[in-house]
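Worksheet: one structure, shown below.
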Amino acid sequence: MSSTTSLPGFRDFYPDELARRAHIFRAWRAVARKYAFVEYDGPPLEPLELYTKKSGDEIVGQLYNFTDKGGREVALRPEMTPTFARMVGARANALRKPVRWFSIPQLFRYERAQRGRLREHFQLNVDIVGEASELADAELLAVAIDIMRELGLTSADVRARVSDRRLLNAILQAVGVAEAQVPAVYAVVDKIARQPREVSAEKLAQAGLAGPLVERVLALATGATFEQVRAEFGTDAGAAEHVARFARYRAHLDALGVGDWVDLDLSIVRGLAYYTGTVFELFDARGELRAICGGGRYDTLLKSLGGTDLPALGFGMGDVVLGELLKDRGLFPDAGEEAVDLHLVAGNGASQVGFPDALRLVTALRRAGFSVAHGLNAERYLSQATRNQVDSARKAGVTAAIAFREDGATEVTSLLGAMKGAPTLVLDTARALAGEDATMQDLRDWLHRQRAAARAATAAGAAPGPTTGSPNG
RNA sequence: GUGGAUGUAGCUCAGUCGGUUAGAGCAUCGGAUUGUGGUUCCGAGGGUCGCGGGUUCGAAUCCCGUCAUCCACCCCA
């Protein structure tokens, strides 16, 4: 390739790729705002200490870090939570609770890149601070699921797997796992789906669990539904409270309209880090990709980072895996939303009107709010066949061509459907040049109708499968 | 960090047993008797065959190294 490629794991966003990214961002913002979250941001470069304090020195190997010219140890942010915790902590007393904030930071990590895992990505972070009730947990998961919906995914495409560490703890104790064995059991449970059952069993045995107990734990972590858990542990002295809370959580999810996306999965542990309560991940239902989203409750983290003692919960959702899923399912819209409205082409009357007036028309249209393109070579405007000009405008995805007729009128021709008998709109050239309100409004309405008709045609024709258009889906 | 697979035009890929100037389709650009047009036709640009070394009279092709990508581990904020 060329001598100037991007760094490994970093992406160039060409216009069609940026359009996809923008599509995802739009959905993120739209849903977050719908749930009354407000957007914030912080610096992409932070003191290295911000991350070592929380995660220890081992994390440095996975960071982009360096010493700046003032001798400070700094790192590109690998996650948003420490920044968020600092910002909330600094104004904890002044902020109205619960805090409902979201952000779309670009995050960095120094790791070998793989499918769905680059060295840079954008990640929606949604957090709630100051509410310990399970209703907050339900609200948070509803945001994540509603984003899937907003992007055209269904509960057949994406599943939410939910667990609760308090519940898992209580269940493990109820079946006889000693407290000292819990961390080891967590480590096994966390990767239970990614390694053979015998390996998990072996590791549980090594952790000191007796044979029957190993089988019990494996069964619970691999297949137990909430109904089974409730039947078995709903009256257990230690677990009843947690079963009841989870039942309320599920009821809230149902009422929020996302219950059918959610499955209990006690193997969802989310690392061993800082989660204290509910934990969840969103996966594609076919299991082909990495997790789309992960989050949960971290009630002690703010305090441990030196902030105030407030309960908190949140999730992160990256653009990479989500983008791959949308691409696989053909859910990215064709470039229509950014389409240019009009492209100036010559037409039979071009030589009578003259190029300066043609440009004046373009200017009048732009002042009226239309996006208007034209060739940037004045000689070719008159020398090149109109059909070639129209053709390139059509290929560029412009909605309509605007041309001068022999009789002096200005004609707008839709480029969206079949060219034979394409809808046209005739404008009075003088009024168009003057930017007359009524004329501009006519044009606006007409363009709107053409787009609506084209969308309807696409929807009708595209029902059985992929039809016209780009292979990028 | 470990192991495996793959690198040919912007994209998808041909390229025989090692053989002379590396091809196709799509895309891009220009044009087809001053123009109403998705088609068609003609033409053009675009390559250090990932990079470096080796074997050979001769390497896209065989060997070694290296880099990148993908897959599986490790790790997961």
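Fair warning: this is a prediction, and the values are worked out from it, not measured in the lab. Each chain gets a letter, A, B and so on, in the order the sequences are listed, and its residues count up from 1.
- For A:Lys191, counting side-chain heavy atoms from C-beta on, the closest listed nucleotide (B:G3, B:A77, B:C75) is B:C75.
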If you look only at distance, which donor and acceptor atoms sit under 3.5 Å apart when one is on a side chain in residues 98-108 of chain A and the other is two or more places apart or in another chain?
| residue | atom | partner | partner atom | Å |
| --- | --- | --- | --- | --- |
| A:Arg100 | NH2 | A:Tyr35 | O | 2.8 |
| A:Arg100 | NH2 | A:Glu139 | OE2 | 2.4 |
| A:Ser103 | OG | A:Tyr40 | O | 2.8 |
| A:Gln106 | NE2 | A:Glu120 | OE2 | 3.3 |

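- Atom OH in A:Tyr381 sits about 14 Å away from atom P in B:G35, given to the nearest Å.
- With B:G37, B:A77, B:G1 as the candidates, the nucleotide lying closest to the side chain of A:Tyr274 is B:A77.
- Comparing the P positions of B:C17 and B:C29 gives an interatomic distance of 40 Å, to the nearest angstrom.
- Within the nucleic acid shown, A:Ala113 comes within 4.0 Å of sugar-phosphate atoms alone, with no base atom in reach, counting heavy atoms only.
- Residue contacts shown for A:Gln123 are absent, as no nucleic acid heavy atom lies under 4.0 Å away.
- In the set B:A77, B:U36, B:C75, the nucleotide with an atom closest to the side chain of A:Arg109 is B:A77.
- Evaluation of the salt bridge (charged side-chain N to carboxylate O under 4.0 Å, His left out) rule for A:Arg72 yields A:Asp68 as partners, not counting sequence neighbours.
- Here, B:U61 and B:G18 have their P atoms 11 Å apart, quoted to the whole Å.
- Residue A:Glu281 forms a salt bridge (Lys or Arg N to Asp or Glu O under 4.0 Å) with just one option from A:Arg161, A:Arg290, A:Arg270, A:Arg159, and that option is A:Arg270.
- For the pair A:Pro8 and A:Phe108, both in contact range of RNA chain B, the more 5′-proximal nearest nucleotide belongs to A:Pro8.
- On a pure distance criterion of 3.5 Å, a polar donor-acceptor pair joins the side chain of A:Arg117 and the base of B:C76.
- Between A:Tyr274 and A:Tyr298, the ring planes are perpendicular. Angles over 60° get that label, and only those under 30° would be called parallel.
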Heteroatom pairs (N/O) under 3.5 angstrom, protein to nucleotides 30-34 of chain B:
| residue | atom | partner | partner atom | Å |
| --- | --- | --- | --- | --- |
| B:G30 | OP1 | A:Arg380 | NH1 | 3.1 |
| B:G31 | OP2 | A:Gln384 | NE2 | 3.1 |

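- Atoms OG1 and CD, from A:Thr399 and A:Gln450 in turn, are 9.5 Å apart once rounded to the nearest 0.5 Å.
- With sequence neighbours left out, the side-chain hydrogen bond (donor to acceptor under 3.5 Å, both in side chains) criterion links A:Arg21 to no other residue.
- Only the C1' atoms considered, B:U2 is 43 Å distant from B:C57, to the nearest whole Å.
- Relative orientation of the A:Phe246 and A:Tyr249 rings is perpendicular, given thresholds of 30° and 60° on the angle between their planes.
- On the C1' atoms, B:A59 is 11 Å away from B:G54, given to the nearest whole Å.
- Looking at the side chain of A:Glu111, the nearest of the listed nucleotides B:A77, B:G1, B:G35 is B:A77.
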How does RNA chain B look in dot-bracket form if you count Watson-Crick and G-U pairs under 3.5 Å, write [ ] for pairs that cross, and put | where a base pairs with another strand?
(((((((..((((.....[...)))).(((((.......))))).....(((((..]....))))))))))))....
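- Within the 4.0 angstrom heavy-atom criterion, base atoms lie near A:Pro78.
- No hydrogens or angles considered: a donor-acceptor pair under 3.5 Å links the side chains of A:Glu46 and A:Thr83.
- Separating the P atom of B:U8 from that of B:U21 is a span of 23 Å, rounded to the nearest Å.
- Note on A:Gly9: only backbone sugar-phosphate atoms sit closer than 4.0 angstrom, heavy atoms only; bases stay farther off.
- Qualifying side-chain hydrogen bond (donor to acceptor under 3.5 Å, both in side chains) partners for A:Gln206, counting only residues two or more places apart in sequence or in other chains: A:Glu202.
- Contact check on A:Arg11 versus A:Asp319 returns a salt bridge, with a Lys/Arg side-chain nitrogen under 4.0 Å from an Asp/Glu carboxylate oxygen.
- Taking the nucleotide of RNA chain B with the nearest heavy atom to each of A:Leu416 and A:Ala346, the more 5' of the two is matched to A:Ala346.
- For the C1' atoms, the distance linking B:U20 with B:A60 amounts to 15 Å, nearest Å.
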